[in-house]
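Here's the structure we're looking at; comments come further down.
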Amino acid sequence: EKGTYPHFMLKEIDEQPLALRRIIQEYQDEHDHLKLDQNIRETMKVCDRIYIIAAGTSYHAGLVGKQFLEKMAGIPAEVHVASEFSYNMPLLSDNPLFVFISQSGETADSRSVLVKIKEMGHPALTITNVAGSTLSREADYTLHLHAGPEIAVASTKAYTAQIAVLAILAVDTARAKGLELDFDPMRELGITANAMEVLTDQKEAIDELVRDNLGTTRNAFFIGRSTDYFVCLEAALKLKEISYIQAEGFAGGELKHGTIALIEEGTPVIALATQETVNYSIRSNVSEVVARGANDMIFSMKGLEQDTDAFVLPEVHELLTPLVSVVPMQLLAYYAALHRGCDVDKPRNLAKSVTVE
Ligand code: F6R
């Protein structure tokens, strides 16, 4: 039930800190160790490459997860859009593990890949919010998101839950392999949950940014580098699907190779700057679009901020920044859709689970 909320989407955005805390609880045992099925641990230890298969928002979570698996667990990982996988099947490694990420567990595009790779005899792990869903039943192993039912068509809390569970999986694997890790996942996720809560309390500030900058625009760009780029893809999808503003997420350095031609007087360009390594370069990309008339809004992380930034995000571990930077992006989409009179929870042409290929 929506309770006092006008929309499920807003309720689900607000539930994110809670969902993250539930994940921390569910994946921690009484000795503060990570709690994961021993079979999953063993499978992760022996696989030599991970193939992440997903669609839409879950695909965007996979892009972030790939970095965890490579940087923390030392396993090469690739991320594939489910509907394209069969046409361009990569050469598989000797011991591949397929990881399916799906809120609903019912996405037909992902399922058809699952059926195929099971026929080939490869192991599959599904990360899903729905226990007993098709992708969960048909895979060898399941990790649950514990995000609670997601009703709004636009996915919010499932995305952050997917990223959190992928981080836990990567850390657990690193530990099982005896790798040195300077990262306490439960502590960092706890800090992140608090930061998310700070953000969900700042709705008015985001609403004001939307009123001032996205009121009548036909299009918008989200730019970022490194991890921020992946969040930009998600931010653009969110804005498109519920407000119908044409939006594109772009790698900051790639704009000059063509897309910058679309920048006109007043074009909104939202930039994420949460990573120290790219703080300088993304800001120079912002200057390039501002010089061509763009209306910039920089969302930076505390410690990296400058006076002219539109919004400063509370600081979290650099690997976990997507969990906080996405929250104001979800709210931007929400208020943009709300002010345009769109049906926030049930955008046109879309269904909550996509059971056709
Ligand atoms: C976007 C959205 C979709 C889904 C996609 C995959 O807000 O909800 O892009 O993420 O259809 O769905 P699942 O995760 O259920 O496989």
Side-chain angles (χ1 to χ4, degrees), residues 7-13 15-16 19 51-65 79-85 98-115 124-139 142-166 222 230-249 322 326-334 336-337 342-357:
H7 297 99
F8 280 109
M9 184 180 176
L10 197 61
K11 173 171 179 268
E12 289 162 6
I13 289 172
E15 283 171 348
Q16 292 179 109
Y51 298 82
I52 296 176
I53 310 289
T57 290
S58 298
Y59 170 75
H60 296 153
L63 295 171
V64 178
V79 197
H80 294 269
V81 166
S83 62
E84 281 292 311
F85 183 81
F98 282 81
V99 174
F100 294 84
I101 307 177
S102 175
Q103 188 287 129
S104 64
E106 300 298 340
T107 298
D109 289 324
S110 298
R111 179 168 185 252
S112 86
V113 179
L114 175 58
V115 169
L125 161 66
T126 290
I127 299 178
T128 183
N129 202 26
V130 182
S133 59
T134 308
L135 288 175
S136 168
R137 281 185 280 110
E138 296 182 0
T142 298
L143 286 175
H144 287 295
L145 294 175
H146 300 290
E150 193 180 66
I151 310 292
V153 163
S155 184
T156 53
K157 61 178 179 171
Y159 170 82
T160 45
Q162 286 162 348
I163 290 174
V165 169
L166 283 160
F222 293 87
F230 303 140
V231 180
C232 285
L233 295 177
E234 173 58 10
L237 176 60
K238 227 58 331 157
L239 187 65
K240 278 185 272 203
E241 69 174 330
I242 62 169
S243 77
Y244 316 138
I245 296 171
Q246 185 160 21
E248 198 166 0
V326 80
V327 176
M329 300 298 112
Q330 295 165 341
L331 288 167
L332 275 181
Y334 175 78
C342 301
D343 188 345
V344 171
D345 283 340
K346 287 199 174 62
R348 69 187 180 207
N349 309 342
L350 289 170
K352 183 63 184 163
S353 52
V354 184
T355 52
V356 289
E357 279 181 49

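The analysis underlying the following values was restricted to heavy atoms, covering all of them including side chains, and did not include hydrogens, waters or symmetry mates. Just follow the structure's listing: the first ligand is 1, and inside any ligand the first atom is 1.
Between the side chain of Thr126 and the backbone N or O of Thr128, no donor-acceptor pair lies under 3.5 Å. The backbone N or O of Phe8 lies less than 3.5 Å from a partner atom in the side chain of Asp345, making a donor-acceptor pair. Judged by distance alone, the side chain of Lys240 and the main-chain N or O of Ile245 form no donor-acceptor pair under 3.5 Å. Remark: the backbone N or O of Pro149 is not paired with any side-chain donor or acceptor of Asn129 at under 3.5 angstrom. In terms of modelled atom types and a separation under 3.5 Å, the side chain of Glu241 and the main chain of Ala154 share no donor-acceptor contact.
From Thr57, atom OG1 reaches atom CG of Leu233 across 10.5 Å, with rounding to the nearest 0.5 Å. The CD1 atom of Ile53 lies 12.5 Å from the OG atom of Ser102; values are rounded to the nearest 0.5 Å.
Set against the non-hydrogen atoms of Ser102, the atoms of ligand 1 under 4.0 Å away are 13 (P), 14 (O), 15 (O), 16 (O). Atoms of ligand 1 found under 4.0 Å from any heavy atom of Ala154, numbered from 1 in the order shown, are 7 (O). Close contacts of ligand 1 with Ser155, meaning ligand atoms under 4.0 Å from a residue heavy atom, involve 7 (O), 8 (O). Within the listing of ligand 1, atoms 7 (O), 8 (O) sit less than 4.0 angstrom from a heavy atom of Val153.
Here Glu241 has side-chain heavy atoms under 4.0 Å from ligand 1, and that is the only part of it that gets that close. Contacts with ligand 1 closer than 4.0 Å are made by side-chain heavy atoms of Lys238 only, the backbone lying farther away.
Closest to atom 15 (O) of ligand 1, if we only count protein heavy atoms, is Ser104 OG, 2.6 Å. Nearest protein neighbour of atom 2 (C) of ligand 1, counting heavy atoms only, is Thr57 OG1, 3.8 Å.
At least one heavy atom of Ala55 sits closer than 4.0 Å to an atom of ligand 1.
Considering only heavy atoms from C-beta on, Asn349 stays 4.5 Å or farther from Tyr244 through its side chain.
Closest to atom 9 (O) of ligand 1 by heavy atom, among Ala351, Gly56, Ala82, Gly105, is Gly56.
Residue-to-ligand polar distances place Ser58 within reach of ligand 1: an N/O pair is separated by less than 3.5 Å. Here's the thing with Thr107: one of its N/O atoms is less than 3.5 angstrom from an N/O atom of ligand 1. Ligand 1 has no N or O atom lying under 3.5 Å from any N or O atom of Val354, backbone or side chain.
Taking 4.0 Å as the cut-off between side-chain N and carboxylate O, Glu138 and Arg111 count as a salt-bridged pair.
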